[in-house]
2 protein chains.
Amino acid sequence: MSLQHALLGVLEARPMNGYELTRFFDAAPRWVWSAPQSQIYPTLRQMEQAGLIEGQKEIRGTRLKRTVYSITEHGLEELRTWLGTGHTPAPVRDSFSLQALFFDMIDADRAASVLKAYIAEQEQLITEWRAHREALLAKDTDLLKERLKNRPPAEHDRIAGLKANVFAGQVAVAQARVDWARESLRLLAEGV
Amino acid sequence: MSLQHALLGVLEARPMNGYELTRFFDAAPRWVWSAPQSQIYPTLRQMEQAGLIEGQKEIRGTRLKRTVYSITEHGLEELRTWLGTGHTPAPVRDSFSLQALFFDMIDADRAASVLKAYIAEQEQLITEWRAHREALLAKDTDLLKERLKNRPPAEHDRIAGLKANVFAGQVAVAQARVDWARESLRLLAEGV
DNA sequence: ATCTTCATGTAAGCAGTTACATGATTAG
DNA sequence: CTAATCATGTAACTGCTTACATGAAGAT
């Protein structure tokens, strides 16, 4: 269900076609939700059928060039309802922690190299999210600029602050993971 | 793929039947991986076909009573290989952060109530994981006791320490989420 | 000319969810 | 005698992954 709400949230900023949305959800500087191209196009058609979004077909000559989707009143309503509802938590399914749970079964140095790769990966995420947070605070992202056009200027700081705060949270969680992984490296080393 | 490795990791401690495994993966005091009953039985049969585990059928009279699965040499090998390998990180897909990203679209008090529910939920997890960590440190969980029977006593402290540490990590991450959520509540309130 | 970017699609398959179904054994 | 626990199964469906496929437009 969440991909639909993610798409609604993005389209609330401005209308986009499938290609733009694909780049956004597939992008290397990671967001909070990702989705492959093959999932986005069918989902957009589903959402149009459900009346959540509306597709504007652009024709060039005789051929379809692209379909630009915009959020409908119904879509906005659905998004706001979803945002205001507490949802049942996703079941715990943490494949890295699962791996770490059985590190006692392998050599300490092999476990250490897995942990180091994990640290590198989390630090990469931290870098990307931190940059995104800064950009949001400076109101310097494409999407936020578009979004603020439909909002009273008095609220701009608050909106940017709230969104930046989400990425501060992502950074904090990833940092907790890195700290834990470093502590684990120490534990593994002393046990040898 | 991870469910199979989770099952292998559990069965390495001692042989179990589908029902026991179901209770373990479905259990309220949450672990690091969960799975419903309907997924466990077919997966066990798949794994037996692949030679990762071996089912011992217990017959009572003419009827099948239960099938107790134990890990095979091949299963142990597969588990160790998986444990020693760095796996490509799962795509970022955080439905709560997605929700929080658009809190500016709804009333601050509705957003606050969603955050409060999130805090309660994370604190519940913290309680469960903290208890599990303590139990592991005290070598006082059913599974750990079984597992240690096949390990040299000199390593018992180290093994328990490593496993407990994983749950310390879960707690730390959940705590980071709670701290972030509390900070967000403050941000929402001051913006009004 | 050829390579990249723009733009959209399909199809097979796996993992996980929800729900239904059956029957034996054990405890109160 | 009845309810809870033990024990195993299936079937439909949704969400996501991997991979293949096509073609126009713009850049070098």
Side-chain angles (χ1 to χ4, degrees), chain A residues 1-8 15-28 30-50 53 55-69 82 87-95 98, chain B residues 1-8 15-28 30-50 53 55-69 82 87-95 98:
Chain A
M1 278 284 87
S2 285
L3 174 57
Q4 301 208 6
H5 296 106
L7 287 165
L8 287 175
M16 288 192 193
N17 61 25
Y19 184 74
E20 281 181 287
L21 288 164
T22 295
R23 278 189 315 174
F24 188 87
F25 280 85
D26 239 0
R30 269 154 290 188
W31 200 49
V32 295
W33 200 268
S34 66
Q37 180 258 23
S38 64
Q39 207 188 351
I40 288 173
Y41 283 95
T43 302
L44 287 170
R45 289 195 298 267
Q46 258 175 255
M47 290 169 73
E48 188 177 24
Q49 286 244 315
I53 58 177
Q56 183 68 36
K57 289 184 183 175
E58 286 183 19
I59 313 288
R60 172 134 341 165
T62 169
R63 258 180 44 84
L64 173 77
K65 207 198 164 186
R66 59 182 169 187
T67 310
V68 178
Y69 293 96
W82 181 78
H87 304 285
T88 51
V92 178
R93 210 165 273 136
D94 181 337
S95 100
L98 180 66
Chain B
M1 279 282 87
S2 286
L3 174 56
Q4 302 209 6
H5 296 107
L7 287 165
L8 287 175
M16 287 193 195
N17 61 25
Y19 185 72
E20 282 181 287
L21 289 164
T22 295
R23 277 189 317 174
F24 188 87
F25 280 85
D26 237 1
R30 269 153 291 188
W31 199 50
V32 295
W33 200 266
S34 66
Q37 180 259 21
S38 65
Q39 206 188 352
I40 288 173
Y41 283 96
T43 302
L44 287 171
R45 288 194 299 266
Q46 259 175 256
M47 291 169 73
E48 188 177 23
Q49 286 243 315
I53 58 178
Q56 182 68 35
K57 288 184 184 176
E58 287 184 17
I59 312 288
R60 170 132 346 162
T62 169
R63 258 181 46 84
L64 174 79
K65 207 196 163 186
R66 60 183 170 188
T67 310
V68 179
Y69 293 95
W82 181 77
H87 305 285
T88 51
V92 178
R93 210 166 273 136
D94 180 337
S95 100
L98 180 67

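So you know, we letter chains A, B, ... as the sequences are listed, proteins then strands, and number each from 1. Computed from a prediction, not measured in an experiment: that's the story for all the values here.
For Gln37(A), the listed nucleotide lying nearest its side chain is dA19(D); candidates were dT8(D), dG16(C), dA19(D). With dT17(D), dT10(D), dA7(C) as the candidates, the nucleotide lying closest to the side chain of Asn17(A) is dA7(C). You'll find that the side chain of Pro42(B) is closest to dT10(D), out of dT10(D), dT17(D), dT8(D). Considering only side-chain atoms of Arg93(B), the nucleotide from dG9(D), dC6(C), dT17(D) that sits closest is dT17(D).
Nucleic acid contact for Glu20(B): none, since no nucleic acid atom lies under 4.0 Å from a heavy atom of the residue. Among the heavy atoms of the strands lying under 4.0 Å from Ser38(B) is at least one base atom, whether or not backbone atoms are also near.
The base of dT17(C) lies outside donor-acceptor range of the side chain of Gln39(B), with no N or O pair under 3.5 Å.
Between the C1' atom of dA15(C) and the CD1 atom of Ile40(B) lies a distance of 13 Å, rounded to the nearest Å.
Side-chain nitrogen and oxygen atoms of Tyr19(A) include none within less than 4.0 Å of the OP1 or OP2 phosphate oxygen of dT8(C). Contact between the side-chain N/O atoms of Arg66(B) and the OP1/OP2 oxygens of dT5(D) is not found at any separation under 4.0 Å. For Arg23(B) and dT8(D), the shortest distance from a side-chain N or O to OP1 or OP2 is not below 4.0 Å. One finds no side-chain N or O of Tyr41(A) lying less than 4.0 angstrom from the OP1 or OP2 phosphate oxygen of dG9(C).
Residues Phe25(B) and Trp33(B) keep their aromatic ring centres 6.0 Å or farther apart.
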